[in-house]
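The structure appears below as structure tokens.
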Amino acid sequence: MSAVVTEMPAAAPKGRRSSLGGYVPLVPPLTVLLIFFAIPIGMMIGISFQDPKTAAWSLVSYEKFFTDNLMIAGLLRTLVMSGLVAICVTVMAYPVGYFLARSTSRWRAVVFALAIAPELAGVVLRTYGWLIILEDRGFINDALIWSGIVLSPLPLAKNLFGVVVGLTHVVLPFGILAIMTSIQGIDPNLEKAAQILGASRLSVLRHVVFPLSVPGIVSSLLISFTMAASAYATPALLGGARFKVLATMIYEQIMFYTNWPMAAVMALVLLVLMLAFSFAGTRAETRLHKKLNV
Amino acid sequence: MNRALSGLYWLSLTLILLFITLPLLVVVAASLSPSSAVTFAPSEWTFKWYGALWANKWLNPFLLSLKIALVVSFLSGVLGALAAYAIAYEKCPGSAAIMAFLLSPLAVPQIVKGVAIVLFLSSAGFYMLLGTPGLIAAHIVLTLPFAARMIATSIYNFDRNLDRAAQILGASKWQRIRHILLPLVKPGVFSGMTFAFIISFNNIPLSVFLVRPGQTTLPITVINYMEYSLDPVLAAVNVASLIFILATIFLFEKLGGFSAQIHGGSK
């Protein structure tokens, strides 16, 4: 921060008011971010290169992460779970996003409120809701056993299925917003023109709306994947000890094993994964936009 | 063909909306059901679980979460306004790079920020900051980027001719900030503060590393309890905190008028 203050005036245009004064309001917010964000991240990178026992420089935690089967399994579970959530969210978000972008009925406001309102409820309420629906003595198993369809409860929670259901619910509003914005950006006259020229509703959807909404689909997949991969509470509660992903394993390393270097390595793997996906996704999006504008 | 297709469309839309609302409906139903096992179709209704919320077990975490959320919301508003003022109003050189730094925490998953902060506080010897002070600092790292961006947007939308007019009429810089800029960007500041409040009040991935016995926030208390039991008192806690959040949004809206048009809303 002090570097910014002392270096900048040289580059600032001279004259009128003091050019240094403009930076003064930045001191408190940037100091807070420096102390509680930038320095901790730097320190975490440093700790990841320490030996867990002797604190000497070593790559032992990196080596362990990439050779230990438990770690690799956790990483794969995270990727599979996030991929499934991304697909489920996008498939479910499409009809709702289409409706919100194109409908003129008075139900539009109701659907919009229903789609977005759960976001206010927080993750705990929704996860609790899914737990009492999906657990062994929950609503679904209760109903299935009462009606005699199954004899013993189906395993719906504490596994991949439960986590994907819970995370899809958490991430869905973001997918809906991405698809809605993308379809809103398509000129409705294109659809009208295709319809006048004799295209059925299905072929308008298939040959006009869908191809033009691909950037929205990509951004929905991207948001869902990154949100799912970095989620903590939903996998912790709906996956439990039987379905561990990177985020919950990081928590275990800190709280139960107090292995800081290992936790730092895992957190960095997650961070690099997220940054790589965001970077690749944003590049794909800009390329798609360019292609569609031509 | 067309009818079958539109039938399918409406059916899928209905099912998806049902999926979205189902857990909320179930939680509300569970909070009103009399038996301590959460059942499929309760036959009677009761408010007894809401009565159980007045115990210290739930009241203390609620008050801690409220205290933290209020401090985080206030500081995010102040720090965000300072940053937005320098970037969007003064437009000091390098403001794009400064904004990028301010927004950089958004690119880092919360769980990673949580690990970084807890390792920093523990290994730098700041153990005494674990608990409430650490929670406040960590939540601010999370909310400040949102607040700064929202306030900066409302400063960018602010009509500079009003400022120039006041300057020509002889208003000092402080007078212009106090009487022209602040009232007109107030909705932006309040929407940033509301956002910060909700994020802080509901937070789990950062708080989970920083709570201490006796200093545990409401969401963490609830998830710890959920590991052992799913009894309906949790449904009541969840519904009550949702109602509390809706009431807070309503209150902030009354104070800040952020849903109104910026020019029509504040005088």
Side-chain angles (χ1 to χ4, degrees), chain A residues 8 11-12 22-23 25-26 28-30 32-33 36-37 39-41 43-44 47 92 95-96 99 111 114-115 118 120-126 128-133 135 137 139 142-143 146 169 172 200-202 230 232-233 236-237 247 250-251 254 260 263-264 267 270-271 274-275 278, chain B residues 2 5 9 12-13 16-17 19-24 26-27 30 37-40 79 82-83 85-86 90 92-94 98 101-102 105 107-113 115-120 123 137-138 140-141 144 148 198 202 204-205 208-209 219 222-223 226 230 234-235 238 242 245-246:
Chain A
M8 278 312 200
Y23 293 100
L26 285 169
L30 292 186
V32 168
L33 284 192
F36 294 105
F37 175 67
I39 293 176
I41 294 280
M43 216 157 173
M44 184 176 77
I47 288 175
M92 290 172 82
V96 184
F99 176 82
V111 173
L114 280 178
L120 295 174
V123 173
V124 193
L125 186 149
R126 291 185 279 168
Y128 175 74
W130 283 116
L131 260 179
I132 56 179
I133 292 169
E135 60 150 356
R137 286 165 55 230
F139 284 31
D142 220 25
W146 177 79
H169 190 260
L172 192 53
S200 70
R201 274 177 78 178
L202 183 64
S230 47
Y232 166 75
L237 294 165
I250 292 172
Y251 177 79
I254 297 252
W260 292 356
L270 185 61
L271 178 59
M274 293 301 91
L275 293 179
S278 312
Chain B
N2 252 343
L5 189 73
Y9 170 63
S12 65
L13 208 57
I16 295 164
L17 290 173
F19 172 81
I20 294 175
T21 38
L22 185 67
L24 298 144
V26 165
V27 174
V38 179
T39 49
F40 171 52
L79 295 171
L82 285 173
Y85 171 81
E90 295 280 353
C92 45
I98 297 166
F101 176 67
L102 271 168
V108 178
Q110 286 195 48
I111 189 103
V112 176
K113 281 181 278 204
V115 171
I117 292 174
V118 78
L119 289 185
F120 167 69
S123 60
I140 287 176
V141 169
L144 181 56
I198 300 170
N202 282 336
I204 299 170
V208 83
F209 290 110
V222 174
I223 65 169
M226 264 164 81
L230 291 177
L234 288 173
N238 277 314
L242 176 60
I245 284 178
L246 294 176

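None of the values given here were measured: they were computed from a predicted structure. Letters A, B, ... are given to chains in the order of the sequence lines, protein chains preceding strands, and every chain is numbered from 1.
For the atom pair Phe209(B) CZ and Gln110(B) CD, the distance stands at 11.0 Å (nearest 0.5 Å). Here the straight-line distance linking atom CG of Asp142(A) with atom CD of Glu135(A) works out to 9.0 Å at 0.5 Å rounding. Atom CG of Leu270(A) sits about 5.0 Å away from atom CD1 of Ile250(A), to the nearest 0.5 Å. Atoms CD1 and CD1, from Ile204(B) and Ile111(B) in turn, are 10.5 Å apart once rounded to the nearest 0.5 Å.
The side chain to side chain donor-acceptor pair (under 3.5 Å) test applied to Ser200(A) returns Ser203(A), not counting sequence neighbours. Partners of Met43(A) under the side chain to side chain contact (heavy atoms under 4.5 Å, CB included) rule, at least two apart in sequence or in another chain, are Phe120(B), Ser123(B), Ala124(B).
Of the residues considered (Gly129(A), Pro95(A), Ser230(A)), Pro95(A) shows the highest number of contacts with chain B, using heavy-atom pairs under 4.5 Å. Between chain A and the options Leu22(B), Thr21(B), Leu24(B), Val208(B), the largest number of non-hydrogen pairs under 4.5 Å is found for Val208(B). Ranked by heavy-atom pairs under 4.5 Å with chain B, the list Leu114(A), Ile41(A), Ile254(A) is led by Ile254(A). Of the listed residues (Ile245(B), Ile223(B), Ile140(B), Leu246(B)), the greatest number of heavy-atom pairs within a distance under 4.5 Å of chain A belongs to Ile223(B). With respect to chain B, the highest number of heavy-atom pairs below 4.5 Å among Ala264(A), Ala263(A), Ala121(A) belongs to Ala121(A). Interface check for chain A: of the options Pro109(B), Ala86(B), Pro105(B), Ala235(B), the most heavy-atom pairs under 4.5 Å are formed by Pro105(B).
Both the backbone and the side chain of Ile117(B) come within contact range of chain A, judged by heavy atoms closer than 4.5 Å. With a 4.5 angstrom heavy-atom cutoff, Phe19(B) touches chain A via backbone and side-chain atoms both. Interface remark: Leu172(A) contributes side-chain atoms only to the contact with chain B (heavy atom separation under 4.5 Å). In this structure, the portions of Leu82(B) lying under 4.5 Å from any heavy atom of chain A include both its backbone and its side chain. Using a 4.5 Å cut-off between heavy atoms, Ala138(B) makes no contact with chain A at all. In this structure, chain A has a heavy atom under 4.5 Å from the side chain of Leu17(B), while its backbone stays farther away. For a residue to count as touching a neighbouring chain, one of its non-hydrogen atoms must lie under 4.5 Å from one of that chain's; by this rule Met92(A) touches chain B with backbone and side chain alike. Contacts of Leu275(A) with chain B are made by side-chain atoms alone, with heavy-atom separations under 4.5 Å and no backbone atom involved. When heavy atoms are compared at a cutoff of 4.5 Å, Leu102(B) approaches chain A by way of both its backbone and its side chain. Contacts between Leu237(A) and chain B at a heavy-atom distance below 4.5 Å involve the side chain alone, from C-beta outward. Using a 4.5 Å cut-off between heavy atoms, Leu13(B) touches chain A through its side chain atoms alone. With a 4.5 Å cut-off on non-hydrogen atoms, Val118(B) touches chain A through its side chain but not through its backbone. For Leu234(B), the parts lying near chain A are the backbone and the side chain together; criterion is any non-hydrogen pair under 4.5 Å.
Ring geometry for Tyr251(A) versus Tyr232(A): interplanar angle of 30 to 60°, hence tilted. Between Phe99(A) and Tyr9(B), the angle of the ring planes lies from 30° to 60°, which puts this pair in the tilted group.
Annotation: side chain of Asn202(B) is not in contact with side chain of Val123(A) (no heavy-atom distance under 4.5 Å). Inter-residue side-chain proximity for Pro93(B) and Tyr23(A) is flagged as met; some heavy-atom pair is nearer than 4.5 Å. Taking the side chain as every heavy atom from C-beta outward, Val112(B) and Met44(A) approach each other to under 4.5 Å. Side-chain contact between Val141(B) and Pro40(A) is absent, with no heavy-atom pair separated by less than 4.5 Å.
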